[in-house]
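Here is the structure we will look at.
Since the structure is predicted, the reported quantities are computational estimates derived from the model, not experimental observations. In the text below, chain A, chain B and the rest are named by the order of the sequence lines, each starting its count at 1.
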Amino acid sequence: MQRLRQVFLAIGVAGLFAAVLRVRGKGGTPPSDGGWRQLEGPELR
Amino acid sequence: MRIAVVGVGATGARAARQLASTDAVDTVVVADIDPATRRKVADLLGSGAEASEALVPEADVVVLATPAGTQGDLGTQALRQGSSVVSTSDDVGDVRALLDLDPEAIERGATMLVGAGFAPGLSCLLARHASAVLDAVDEVHVAKVGTGGPACAEQHHRALGEDGLDWRDGAWVARTGGSGRELCWFPEPVGGRDCYRAAVPDPLLLVDAFGPMSRITARLAANRRDRLTARLPMLRRPHPEGGPGAIRVEVRGARAGSRDVVVYGAMDRPAVAAGAVAAVTARAVGDGSIGRTGAFGLAALDDPVPLLTDLADRGIRAAAFEGHGHL
């Protein structure tokens, strides 16, 4: 019984840790090709 | 020309300053519920500005820059006082209420420009400009990142907790706010951000302007915290002004017989850009260059180039995305 409680406690702590990481973690963004060019000249006529 | 600015927070103060430095504008009337704020802004603007005790002053054009949810009633009051109106609201309720005033605005010979901020506003101008590049348009997708002042941040928070409106195949589809994650690329230095559905009025204005299309959507950038707390009250006071923001407008259709896509964007502090859009729009309404009466958004203009050129002269520059086979 004691062992079962320890297992559930460990799972609970791990789950809480994962939830905090998921909320506060910073995701990366994949690389992209191409870029931005300002509209000017003929495009604004 | 006498132009009133109602609400001189982050966006309204910028709009008032832009109008005060516009030659065609004789007087800028500053109105706000806080007497100290309106006096301070009027004093800073100099001799061409005056503070008004009336919340909706009499003027040729009234620019509404008050918090979301208030501009429906204020716009109605301004219209019935005989003014044309420029509204900066990004609230769905406000936009619906103002668009519903179209018959009354036409009858009164007034112009009511709805959603004249950053997004909606500059996003609508870019959508119209991009549509001219294509032979036929069937999809428009708008995304926005960043907020202006505290009222804008609160509206952004609310919008993520309410249903977003997508236009799909001839009908409105309500989708849960905070759903539909899509990675959108904005002009540098903003870059790639995850964007989600939210209660934003861009699709209402775009459908009104372009007519039925196969798909029109709008999204807001958000992080996990924003999405998890969207249905709760704001847990922290918003900053007096947000940092750099951006918009992205993707227009899909046909060109020379094949499918094509045009992506335009802009990067600036949202309150600065919104103030500039409101100011150039108010000037254009006041001098008659808009050329039509009724209630509509900037995407309904036949020619967005004069406004885009005026914005570029004021430092709000749009950009085109040039990808390599994919976006």
Answer yes or no: does atom CZ of A/R37 have more than 12 heavy-atom neighbours from other residues, nucleotides or ligands under 6.0 Å?
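Yes, CZ of A/R37 has more than 12 neighbouring heavy atoms, counting only those of other groups under 6.0 Å.
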Is it true that atom CZ of B/R259 has more than 12 heavy atoms of other residues, nucleotides or ligands lying nearer than 6.0 Å?
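Yes.
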Determine whether a donor-acceptor pair (N or O, by modelled atom type, separation under 3.5 Å) exists between the side chain of A/W36 and the backbone of B/F186.
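Checking the backbone N and O of B/F186 against the side chain of A/W36, a donor-acceptor pair under 3.5 Å is found.
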When rounded to the nearest 0.5 angstrom, what distance separates CG in B/L311 from CG in A/L39?
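Interatomic distance, B/L311 CG to A/L39 CG, rounded to 0.5 Å: 12.0 Å.
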Distance, nearest 0.5 Å, that separates CD of A/Q38 from CZ of B/R317:
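So the CD of A/Q38 and the CZ of B/R317 are separated by 5.5 Å.
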What residues form a ring pair (Phe, Tyr, Trp, His ring centres under 6.0 Å) with B/Y264, not counting sequence neighbours?
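If we apply the ring pair (Phe, Tyr, Trp, His ring centres under 6.0 Å) test to B/Y264, skipping adjacent residues, the hits are B/H129.
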